[in-house]
Amino acid sequence: MEKDLQAIERETEREEIEEKKSSFRSFYQINLTQRQGSKFTQLIAKEPMAAAILNFMFELMDKTNALIASQQVFMNRFDISRATVSRAIK
């Protein structure tokens, strides 16, 4: 049991060191196709709240691009109603 805990602690420490080394820990990329124009730019122009929520989601993602957030998180962050969140993320 103690060996398992030590192994977990070593692995956690190793992951923390690797994360600190990574120059991409605060980096995200949007793939834009030239023929269709910038979909993100179009989103900003047509649906600014959806773009704001998407950008906020980028900020919350972990290093594996995972995110778990309820609609309440977005409601609180942007001071908007549940219906507005639903329309923005559909």
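Residue numbers start at 1 and run along the sequence shown.
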Shortest non-hydrogen contact between Phe78 and Ile53, atoms and distance | CE1-CG1, 3.7 Å
Heavy atoms only: give me the nearest Ala88-Ala50 pair and the separation to one decimal.
-> O-CB, 3.3 Å
In chain order, what residues pass the side-chain hydrogen bond (donor to acceptor under 3.5 Å, both in side chains) check against Gln72, with sequence neighbours excluded?
-> Asn76
What pairs with Arg87 under side-chain hydrogen bond (donor to acceptor under 3.5 Å, both in side chains), at least two apart in sequence or on another chain?
-> Thr84
Sequence neighbours left out, what passes salt bridge (charged side-chain N to carboxylate O under 4.0 Å, His left out) with Glu9? Give chain and number order.
-> none
Listed partners of Ile44 passing side chain to side chain contact (heavy atoms under 4.5 Å, CB included), at least two apart | Phe40, Ala51
Residue list, side chain to side chain contact (heavy atoms under 4.5 Å, CB included) with Leu67, at least two apart or on another chain | Met57, Leu60, Met61, Ala69
